[in-house]
Amino acid sequence: LSDIPSIHRMTIDRAVDRKGGIKELTIMLNDVPHSYYDFVRGITAYCRKKPQRLEKVMEYMTSHPEASPSDIIEFVSGQEDFFENAAPYSGAEE
């Protein structure tokens, strides 16, 4: 976090420390070029589950301002806890 400019660090701190963090993340996601509704919805749903997720995603976006929706999705889907909230798979074949 030390390499993130202080103005962005304050944004991340405010987002993580107060209830409005998801609102601030939503604004950031909507500002991404070629952003779309399901992208914003999916990333915010992932971040609502744990405050650490919100902080990681905001840090990634702040340090990669050129990131596309695909880049952000790739980052999120690469997180160790990405599949924690997935629906259980029964293994039964149809």
Side-chain angles (χ1 to χ4, degrees):
L1 296 179
S2 61
D3 60 334
I4 297 175
S6 62
I7 188 74
H8 296 301
R9 181 70 243 159
M10 289 187 311
T11 299
I12 293 168
D13 288 342
R14 277 197 328 267
V16 173
D17 290 342
R18 70 174 209 274
K19 198 173 185 175
I22 293 295
K23 192 178 278 189
E24 197 156 342
L25 175 65
T26 301
I27 292 167
M28 289 174 71
L29 292 168
N30 278 307
D31 285 345
V32 172
H34 308 292
S35 180
Y36 53 97
Y37 178 79
D38 289 334
F39 160 68
V40 174
R41 227 13 220 177
I43 300 298
T44 55
Y46 169 78
C47 290
R48 283 181 204 278
K49 303 288 183 181
K50 294 182 182 177
Q52 305 91 316
R53 292 177 176 179
L54 175 63
E55 185 172 4
K56 280 185 179 182
V57 171
M58 290 187 77
E59 286 174 10
Y60 175 81
M61 291 181 65
T62 301
S63 59
H64 297 87
E66 75 294 341
S68 68
S70 296
D71 295 331
I72 297 166
I73 292 167
E74 182 177 3
F75 171 78
V76 168
S77 62
Q79 299 303 300
E80 288 184 24
D81 66 352
F82 179 71
F83 292 103
E84 283 182 8
N85 304 108
Y89 175 66
S90 68
E93 293 188 29
E94 295 180 16

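All values below were derived from every heavy atom in this structure, side-chain atoms included, with hydrogens, water molecules and symmetry-related copies excluded.
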- Query: For Ile27, what residues pass the side chain to side chain contact (heavy atoms under 4.5 Å, CB included) criterion, not counting sequence neighbours?
  - Reply: Asp31

- When every non-hydrogen atom of Pro69 is compared with those of Tyr36, the smallest separation belongs to CB-CE2, 4.0 Å

- Message: For the CD atom of Gln79 and the CD atom of Glu74, what is their distance to the nearest 0.5 Å?
- Response: 11.0 Å

- Message: Once rounded to the nearest 0.5 Å, what's the spacing between atom NZ of Lys50 and atom CD of Glu84?
- Response: 3.5 Å

- Query: NZ of Lys56 to CZ of Phe75: how many Å apart, nearest 0.5 Å?
  - Reply: 6.5 Å

- Once you round to the nearest 0.5 Å, how far does CG of Leu29 lie from CE of Met58? 8.5 Å

- Task: Show your working on side-chain contact (heavy atoms from CB on, under 4.5 Å) between Met28 and Val57 and close with a plain yes or no.
- Result: CA-CA 10 Å; Met28 289 174 71; Val57 171; over 6 Å; no

- Query: Would a distance-only check, ignoring hydrogens and angles, find a side-chain to backbone donor-acceptor pair under 3.5 Å from Arg53 to Asp81?
  - Reply: yes

- Task: Mind checking the CG-CD spacing from Leu54 to Gln52? Nearest 0.5 Å is all I need.
- Result: 10.0 Å

- Just how far is it from atom CG of Asn30 to atom OG of Ser35, taken to the nearest 0.5 Å? 5.0 Å

- Task: Might you point out which heavy atoms bring Phe82 and Val76 nearest each other, and give the distance in Å?
- Result: CD1-O, 3.5 Å

- Query: Are Tyr46 and Tyr37 grouped together when hydrophobic residues (ILVMFWY) are joined by side-chain heavy atoms under 4.5 angstrom apart?
  - Reply: no

- Residues that Ser68 engages under side-chain hydrogen bond (donor to acceptor under 3.5 Å, both in side chains), provided they are two or more places apart: Asp71

- Task: Measure up the His64 and Tyr60 rings against each other and bin them: parallel (under 30°), tilted (30 to 60°), perpendicular (over 60°).
- Result: parallel

